[in-house]
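This report refers to the structure that appears directly beneath it.
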Amino acid sequence: MSDVVLLTPREISTGAASLNNQNVLINDEEYLRLDPAMRLFYKRVRENLGVACIAGHLRHRGYSVTALNLHGRNPSDEAITALVRQERPVFVGISIMYDLHIIDAVRLLRCVRAADPSVFVAIGGAFCTYNAKLIAERVPEADCVAYGEGELTAEGLMDCLAAGRDWRQVPGLYFWRDGRVSTSGPPKLPDLAAEPWPARDLLLHHRATGIPTPRASTYTSRGCHAKCTFCYAPRQPGVEGGPWRVRPIVDAVDEIEFLQREFGTRFVWFNDDNFGGAFAEGYQHAVGFAEEVLRRNLKVSFHCEFRVDTGLIDREALRTLRRAGMELALLGMETGSPGMMKRFRKGTTVDYNFDAARMFKQERIELEPGWIMIEPGTTVDELWQNLEFIVAARVHECENPFFLINRAIALRGTEIYDKVTTYGEPDIPGVDGVAWEVLRQARREYRVADERVEDLWSAWSAVSSDINDRKENEVPFLAQRIADTVRARRGGAGPDVRPLLSRLRRWDQSLDRLLVAFLNTGLLLADLGGPDLAARLETALRGLVEGYDRCHLGAAFPDFAVQIEQACQSPAPATSR
C-alpha cells in the first residue's frame, strides 16, 4: 500500500498544436519489439521532473509513494481502478504538464473516484500554474487544484490529511468552499539547497522492462528573470523578488554521478527554464557547473536552454561548456526582426542573436534555435527580416530546419493572451466535455492583423507538417528498411538497394536549402497578394516540395517510399544451372 499515488497522464493526440515537443509515438511494448538500430530514433519520453521531485520530497519526509508516468503506456480504466484499490492511498495527485494532458487527466480522475469515492484527489503541474482557478471551476470532482512548485504544497496536504487537520490552510491551492472557488494564496517555495534528489521511478520501470536508460532529466536552477510577452514565467506566483534560484553545483553533479552509476546515464536533459540565469550570476553558475564536471572527469553529454543575455555568449564560457559535454543547446533567439523583438520584450537585440549564432557555429555546438516566426502583430516585411536573418546567421542549419516555422501560442497567463483582441474557438478535434471547456479558455486562437500573414501561416503550416512527418516518422523507417535489406543480401543475393539510401540521405541533408526556397516562395506570393491567396500559396508550395522530391529522390516522396518497399521485396535473380 502507498500513502500517495502520483499519476502523469498521457498526452492524447488530437491533431492540434501542443506545448509538448516530445510526443511519444509508440508505447513501451512497441519499443521493445523494434530492431535495436531503430531505437535510436525513439529517445523515449523525458521524465516528469515535477512529479519526480515531489515523490522524492515526500519519501524524504517518510511517506510511501507510488509514481506512475503513463507516457509510453496504455493502461485501461480497469487497470487504473485496480491500482488505486490495491494501493489504498490517502492522497492521489494528477500532474498536468502540458495542455493536452487535461484530456487523459479527466479520465484518470474519474477512474480514481470509481475506485474510491472518498480518496483525496489534487490536480497540479505546470499547466495548472496559470489555469488553476479555471480547472477548479470546470473539474469539481477534484478536491483541489495546486499551482506553482509543488513539493511543500504536497507535503502540507499529506501532513494535514494524516493528522485530520483542515487542508484548506495549505498555501498554493484553489478549491470549492461556500459555493464558489477560493484560494489559500501563493505556494511556498522549497529551499533548493535542502531538497532531496528527484525520484527515478520511470528509469527504474524502464530498466526492469529491458528498455535502456541512457538519458535522464534533472535541473540546476528554477525560474527566469526575463519578461517575455509570450511566456508565462514572468507571472509565476510566489516568486516575486527572486525569480531565478539555483541549486548547489556540487549537489547537481553528485546526482549526475549517481545516475551514471545506477542507470548508465550518458545524456542529461536539464529542465531549467534558463540554465544561464542572468549575466554575471548566470555565468558563474553555468561555468561553475561545467568546471565541476571537468574536475571530476565525468563523461556525459547534456542539453540545456538559455537566453542570449545570460553571459554565456562568451567564447571562453561556451568552450568550457562544450568541453564539459554541452553538445547542443536551445537558445531563446525567437526572431530576426527588430519590431518583433521589441514586442516580445526580449530585452536583447537582433545583433546579439547574430553574434550568438555565429559563436555557436564557431565553437561547434549544435544550435537548437528557439524561434517564433509569427505572432499577432507580425507583418510580411517582418517575415522578410526573419528570412534574411535565418540565412545570414545560418540558424536553419540544424537537425530539422522546418521546426522554425512556428507560431506563438497565446496562453493564459501570458501578456500575449491578455492583449489579443481577435480570436476564435480552438480547433481541437474529438475533444468535448470539461476538457474542452478548459482548453478553449486556456489559449486564444488569434488571427494576425495582416491577413496575408494569416494566409501564409495557413499554407506554411499545412505543407511543412507533411515535411516534418516525413523527416521525423517516415525517413528513419525507410532507411532502416534499406539497411536491413542490404545486410540480408550480402554476397549478391538480390538487387543492390544502396543507391536508394543515398538518395534518401540527400533528401534529408538538403532540407535547410528547401526551407529557404519554401519561405522565399511564400513571401514573394504574399507580397503580390490577391484573391484566394492561401490556396494559391499552398498549391505553389506543394509544387515546390514535389520538385525537390523529384530532384533528390527521382520521384514524389510517397512514390519513392513505394519504390523502396518494392525493391526490398524483390526476390533474388534466378541463377542458371
Side-chain angles (χ1 to χ4, degrees), residues 2 4-13 20-59 64-76 79-80 82-83 86-87 93-98 101 104-105 108 125-126 196-219 252 254-271 298-304 325 327-328 472-473 476-477 480:
S2 299
V4 182
V5 170
L6 301 176
L7 301 173
T8 298
R10 292 172 296 154
E11 178 172 316
I12 305 300
S13 179
N20 190 3
N21 61 355
Q22 52 166 343
N23 293 327
V24 179
L25 302 178
I26 59 175
N27 63 32
D28 289 348
E29 291 73 23
E30 292 168 332
Y31 178 86
L32 287 169
R33 289 197 297 269
L34 284 175
D35 182 286
M38 283 303 297
R39 294 179 184 178
L40 295 173
F41 298 105
Y42 290 92
K43 298 173 182 176
R44 307 307 298 147
V45 65
R46 299 207 297 257
E47 300 154 279
N48 180 337
L49 200 62
V51 162
C53 288
I54 292 171
H57 182 94
L58 290 175
R59 286 171 182 158
S64 59
V65 180
T66 295
L68 185 62
N69 189 332
L70 299 186
H71 274 300
R73 310 185 210 182
N74 297 309
S76 64
I80 297 298
L83 171 70
Q86 172 186 313
E87 296 299 330
I94 300 174
S95 172
I96 305 179
M97 289 194 295
Y98 304 104
H101 283 170
D104 200 45
L108 293 177
W197 293 344
R200 297 296 169 180
D201 297 60
L202 183 65
L203 296 184
L204 288 167
H205 164 75
H206 281 169
R207 188 173 67 182
T209 54
I211 295 175
T213 56
R215 293 169 177 263
S217 299
T218 192
Y219 68 100
D254 283 347
E255 186 192 12
I256 292 172
E257 281 197 303
F258 163 78
L259 290 168
Q260 289 192 324
R261 185 171 61 252
E262 292 297 316
F263 299 102
T265 299
R266 299 189 300 273
F267 187 94
V268 176
W269 293 98
F270 284 113
N271 285 33
L298 296 183
K299 305 303 180 186
V300 64
S301 300
F302 61 90
H303 174 282
C304 57
E327 295 181 346
L328 71 162
E472 301 295 321
N473 301 324
F477 282 98
Q480 188 62 37

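We use all heavy atoms of the structure for the numbers below, so side chains are in, but hydrogens, waters and symmetry mates are not. Numbers here simply count residues along the sequence, with the first being 1.
- A distance of 9.5 Å separates OG1 in Thr218 from CH2 in Trp197, rounded to the nearest 0.5 Å.
- Under the rule for a salt bridge (charged side-chain N to carboxylate O under 4.0 Å, His left out), Arg266 has no partner lying at least two apart in sequence or in another chain.
- Considering CD of Glu47 and NE2 of His206, their distance stands at 9.0 Å, rounded to 0.5 Å.
- Inter-residue side-chain proximity for Leu259 and Leu203 is flagged as met; some heavy-atom pair is nearer than 4.5 Å.
- When the ring-ring contact (aromatic ring centres under 6.0 Å, His included) test is applied to Tyr219, no partner is found at least two apart in sequence or on another chain.
- At a threshold of 4.5 Å between non-hydrogen side-chain atoms, the residues Val51 and Asn69 do not count as touching.
- The structure places CG of Leu204 at 10.5 Å from OG1 of Thr209, a figure rounded to the nearest 0.5 Å.
- Taking the six-membered ring for Trp and thresholds of 30 and 60 degrees, Phe302 and Phe270 have ring planes more than 60 degrees apart, a perpendicular arrangement.
- Put simply, SG on Cys304 and CG on Asn271 are 11.5 Å apart, with the number rounded to the nearest 0.5 Å.
- Among residues two or more places apart in sequence or in another chain, the salt bridge (charged side-chain N to carboxylate O under 4.0 Å, His left out) test is passed with Glu255 by Arg200, Arg247.
- By the salt bridge (charged side-chain N to carboxylate O under 4.0 Å, His left out) test, Arg59 pairs with Asp201, sequence neighbours left out.
- Residues satisfying the salt bridge (charged side-chain N to carboxylate O under 4.0 Å, His left out) criterion with Glu262, sequence neighbours excluded, are absent altogether.
- In this structure, Gly56 and Ala199 approach most closely via the heavy-atom pair N-CB, 3.8 Å.
- Partner of Leu68 under the side-chain contact (heavy atoms from CB on, under 4.5 Å) criterion, out of Leu6, Leu83, Leu202, Leu108: Leu83 alone.
- The CG atom of Leu49 lies 6.0 Å from the OG atom of Ser217; values are rounded to the nearest 0.5 Å.
- Note that NE2 of His101 and CG of Leu70 are 9.5 Å apart. Values are rounded to the nearest 0.5 Å.
- Ring planes of Phe263 and Phe258: perpendicular class, angle over 60° (limits at 30 and 60°).
- Among residues at least two apart or in separate chains, there is no salt bridge (charged side-chain N to carboxylate O under 4.0 Å, His left out) pair with a member in residues 48-58.
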